[in-house]
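To keep things clear, I will list the structure first and then write my remarks on it.
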Amino acid sequence: MIGADKLALIGGIPVNSKPRPVYNTIGNAEKAALMEVMDSGELSGFVARAGSSFLGGPQVRALEHAICDYFGVKHAVAVNSATSALHCATHALKLEPGDEVIVSPYTMTASASAILFAGGVPVFADIEEDTFGLDPLAVEALITPRTRAIMAVNIFGHPCRLAPLRDLADRYSLSLIEDNAQSPGATYQGAWAGTIGDSSILSFNRHKTMQCGEGGVLITNDDSIALRAQLLRNHGEACVEDMHLEDIANTIGLNLRMTELEAAVARVQFSRIEELTKPRVRLAQRLNTGLSCIDGFIPPAVDEQCTHVYYVYCLKIDAEMVGIPRDLVAQALTAEGFFTRAGYLSPVYLEPLYQQRICFGSTGFPFTAHAAPHTLNYDRGSCPTCERIQDHELLMTDIIYEPYTEVDMDGFVEACAKIIRNRDDLLAIHRDRTSSP
Ligand SMILES: *Cc1c(COP(=O)(O)O)cnc(C)c1O
């Protein structure tokens, strides 16, 4: 018994010895849609000129149409990545240099850099314990006369506190952007996540639930946001004259166009959104049930007003109760055959870009364009909840996709139990490591 229970980290037999399967949901329908475009010879439908080809080819439009229908919104603008879609969202704000946008620090780097590219400066507000999204109280405390927008991130598959954030945006006349790359199909008070903000984005990159290679979409009910997004996507400055646009602020463009190939694949993947989400939810719920019986392992919270789509599985551990440091738990779980990461990403403000305030050129633009740059706080300690969760509490694993099964989920729970049973061995490793020079 003792021998069989030996931790894989110190040479025992792992709970799971199967290799990690690839997440591959590309089937015959995706292949057929792709080949249809290949056969047509029209691999992109965009021309940077006012007129019908300004908005792209038939696949891009059909994808946009399907997304509008599903989410019940007026406009969808398909671009070559969700990062580009975030650029569309911040570009549409028509910021003056140095304007502030309040954003979550617990996100993928692009949420904040899209603000800088639009000439604004990110102001990071702390997150709250359960949804890992912006804490509305922290946001309100940071609103100043220079604040123009809030960028909320629905992280890990769960919406953040969208109603109070919407309320703040309305009360202070701010725009609300939802970075919904990780949570398409989640709901908040019965509404789709991504439809409460003035604009939101979704992603089709290879890590997301739906994939097409690279791709992203901005959705909005606001005509002027949609137009600015379309102009940024397709060389707007060359089109405004023929479009008779009077207000040319932020009509300068790039080439962020999605090809017909990606749109065709994205369209099929999007038609399967529920089918692709279901296994994640089912497997995550199995983990939730199993982990709730293990002291110190805290399954992800699901707010009663929300549904969770489990882009990844993030649990918290109470290291004191478990009696083992979090990072060692992650290593032990990985050794047991379930890849587990200690934390997600460092709070964005700890990146060198913010620590040194060097962005465009070498003298600090756009931070220097802010009216009172010394009031911008990117210091360690500025979002203590985010830092504590990232440094000590969060464990992330992405085993909640097929072909993983319920048996594998039970294996993960068993691996957690095994770690607790072998606490003394792990603490010995910890002592060895911390005492060596
Ligand atoms: C994946 C992701 C993005 C960027 O998506 P891309 O399509 O890779 O550009 C932005 N924000 C969040 C929260 C993400 O998870």
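Note that ligands are numbered from 1 as they come in the structure, with each ligand's atoms numbered from 1 the same way. Note: hydrogens, waters and symmetry copies are ignored here, and every other heavy atom, side chains too, is used. Predicted model, so just to flag it, every value in this text is computed and none were measured. Throughout, numbering of the chain's residues begins at 1 and tracks the sequence.
Side-chain contact between Arg161 and Leu134 is absent, with no heavy-atom pair separated by less than 4.5 Å. Put simply, the side chain of Phe54 does not reach to within 4.5 Å of the side chain of Phe46, judged on heavy atoms.
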May I have a table of the N/O to N/O pairs between ligand 1 and the protein that fall below 3.5 Å, each row giving the two atom names and the distance to 0.1 Å?
residue	atom	partner	partner atom	Å
ligand 1	5 (O)	Ser203	OG	3.4
ligand 1	7 (O)	Ala82	N	2.9
ligand 1	7 (O)	Ser203	OG	2.8
ligand 1	8 (O)	Asn205	ND2	2.7
ligand 1	9 (O)	Ala82	N	3.3
ligand 1	9 (O)	Thr83	N	2.8
ligand 1	9 (O)	Thr83	OG1	2.6
ligand 1	11 (N)	Asp179	OD1	3.3
ligand 1	11 (N)	Asp179	OD2	2.7
ligand 1	15 (O)	Gln182	NE2	2.8
ligand 1	15 (O)	Lys208	NZ	3.1

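Listed by first and then second residue, the side-chain hydrogen bond (donor to acceptor under 3.5 Å, both in side chains) pairs involving residues 393-403 are Arg20-Asp398, Arg282-Glu402, Arg388-Glu393 (not counting sequence neighbours). Sorted by first then second residue, the side-chain hydrogen bond (donor to acceptor under 3.5 Å, both in side chains) pairs that include residues 330-344, not counting sequence neighbours, are Gln182-Tyr344, Gln331-Arg433, Glu336-Lys418. Applying the side-chain hydrogen bond (donor to acceptor under 3.5 Å, both in side chains) test to residues at least two apart or on different chains, none of the pairs has a partner in residues 38-57.
Judged by the 6.0 Å and 45° rule, Arg280 forms a cation-pi pair with Tyr23.
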